[in-house]
Structures are given as C-alpha cells and as structure tokens.
Amino acid sequence: MNITLDNKDDSTLLRFHEERLDAHNSKELKDYLLTLYDNGAKKLILDLSEVRFVDSSGLGALLSGHKNAGLRDGRFALACVQSRVQSMFELTRLTQVFEIYPGVEDALAYGAGGTPHDSKQD
Amino acid sequence: MTRNRINLEIEIPTQTRYLGLIGNIGEQLAWDLSDYAGDRDILAYNLNLVLTEALTNVIKHAGCENQALRVCISIEGNSLSIQVHDQGLGFDMEDVTCPDPEDLCERGRGIFIIRHLMDSVDYHKTDKGNVLEMKKKL
C-alpha cells in the first residue's frame, strides 16, 4: 500500500497512491487508520484522487475509519472522490454516512469551522 | 454488425493480488464489445466490480486456499455469463451477506452489489467443487 501523510493545521491529510482500493489492500488501510487513531490522530482527511476503483472491501475499510473517528470524537473525511467511486457510495447507500468533499481544501475548510453545505458533495 | 462471441477461461491462484488483473480484463472486454449501445464507462466499472466481488467472496469464504480458481467469462450476443469455479468446501451466500446494506457493517456488501448489477446470481455445488454463476443481458 502506498500512502503518504501530511499534517495540515490540526488535521492529518492522507494521500492514497493506489488505483484500486479492494480486498487486496483494504485490510492494510484499515489497520493503518486504526494505528493513526491509536497514536492520537483526531481528524483524518483521505485524498482519494488517484483511486479509480473501490470494491465492498474498500468501503469496509473506509467505514472502519469513519466508525473509529466517531468512537474517539474525531473526524474522518474523504476528498477528491472520482465519479465512478462516488457511484459505489450511492449504490451501497452510504453517501449520507461519509463526509465527502470535492477537494482537500474544502475538507480542511469545513474542519476549521466552515459550513458543510458550502462544499460537501451530497 | 458483428455479433459478439467471446469465451475466456483463466486460471489464477487463490490470492487477492490477482483481483486487479481479472478486473482489468473485465474492463477491457467492455471497451472491446462490438455492438454495445450503453455507457461503456459504466459497463467497464461494473464488470470490474462484479469480477472483483465474486473472486473475493470465493477466496475468503469457499475454503479453497492453495488451489487454483477458474474464471470463465462468456459473451454471446447480448448475453453475459461469468462463472468462478472453486474446489473448496463452499459457502452459503446468505451467511456472507450483510442483511441491511444501510447498516454500518464493514463486511457483506459484495453479494448485495453482484445481485444489484447482474440479472441472476447462483452459487452451487458441481461434481468438481462449486461454481458462482452470474448472468446478465447487456
């Protein structure tokens, strides 16, 4: 799994440098997110701009990130979701579960106190 | 216009590292069909997705570690058939399906997705193991 990490204000920005998020790498992503939370990260933003394919296992890893943020009173947001990947959230009726933003800056702006409906993809 | 007639048979090890390979073959098929009037971008993603979900379910649940999986993709005219053959103990599709996809369960959406995208889905025993069989009119 190729992922890079960058601290932006009080958020941790993750860039996932893979074309696919599927059963082959989803467990690794899930464990990676959990380790970040366990090490004190509160606000995670996952940049999915390079991801053109997500399957149900990938969705499972993202749900794990979302649920673990909730358990820690934290935040888990997705940014730069490609249209076909977005259709996966719609197919599985998870669009209302995740915070999804058109760009990283939109996700950061909301995290800093902006209004979600200004930029959030519904 | 040329009528589609494609039959592919691929054998792969029971490992998730081959999901991308098989998924990409499905995508390429969508682009190469000679007489498909629908949105090829959507068809390509969906073939990739159905193949990925089918293989993942068999790899994770059929108990066929260290054995080969045989994937058969057949297109005759506008009829698509995908079969994934395993030689494991098999599984019950209902046992590996999240009862309500709107729940936040992290597993069990694969069969739901296949059922949504294909016209029929069936997993049954054969004389050599099991087969997950999916069909759709394109």
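Residue numbering restarts at 1 for every chain, and letters A, B, ... go by the order of the sequence lines.
Expressed to the nearest 0.5 Å, how far CG of B:Leu104 lies from NE2 of A:His66 amounts to 5.5 Å. Interatomic distance, OG of A:Ser87 versus CG of B:Asn46, reported as 7.0 Å (0.5 Å rounding).
Counting only heavy atoms from C-beta outward, the side chains of B:Tyr18 and A:His24 never approach each other to under 4.5 Å. Side-chain atoms of B:Arg109 and A:Leu91, non-hydrogen and from C-beta on, never get closer than 4.5 Å to each other.
Surrounding CG of A:Asp73 are at most 12 heavy atoms belonging to other residues, nucleotides or ligands under 6.0 Å away. Atom NZ of B:Lys125 has more than 12 neighbouring heavy atoms from other residues, nucleotides or ligands inside a 6.0 Å radius.
Transitive grouping of hydrophobic side chains (ILVMFWY, heavy atoms separated by less than 4.5 Å) brings A:Val97 and A:Leu59 into a common cluster. In the hydrophobic clustering of this structure, B:Leu55 does not group with B:Val131; members are Ile, Leu, Val, Met, Phe, Trp, Tyr whose side-chain heavy atoms approach within less than 4.5 Å, directly or through other members. Linking ILVMFWY residues whenever their side-chain heavy atoms come closer than 4.5 Å, directly or via other members, places B:Ile25 and B:Ile6 in the same cluster. Hydrophobic clustering places B:Ile22 together with B:Leu8 (ILVMFWY residues linked when any side-chain heavy atoms are closer than 4.5 Å, directly or through intermediates). No chain of hydrophobic side-chain contacts below 4.5 Å, direct or via other Ile, Leu, Val, Met, Phe, Trp or Tyr residues, connects B:Leu89 to B:Phe91.
Listed options A:Ser26, A:Ser57, A:Ser56 were ranked by heavy-atom pairs under 4.5 angstrom with chain B; first place goes to A:Ser56.
With a threshold of 4.5 angstrom between heavy atoms, B:Arg17 approaches chain A through its backbone and through its side chain. With a threshold of 4.5 angstrom between heavy atoms, A:Arg84 approaches chain B through its backbone and through its side chain. Using a 4.5 Å cut-off between heavy atoms, B:Asp41 contacts chain A through both its backbone and its side chain.
Taking each heavy atom of A:Phe53 and B:Thr52 in turn, the nearest pair found is CZ-OG1, 3.5 Å. The shortest non-hydrogen separation linking A:Thr92 to B:Phe112 is CA-CE2, 4.3 Å. Heavy atoms only, all atoms of each residue included: B:Thr56 and A:Ala23 are closest at CG2-CB, 3.5 Å.
Note on residues 48-69 of chain A: pairs passing salt bridge (Lys or Arg N to Asp or Glu O under 4.0 Å), not counting sequence neighbours, are A:Glu19-A:Arg52, A:Arg52-B:Glu27, A:Lys67-B:Glu106.
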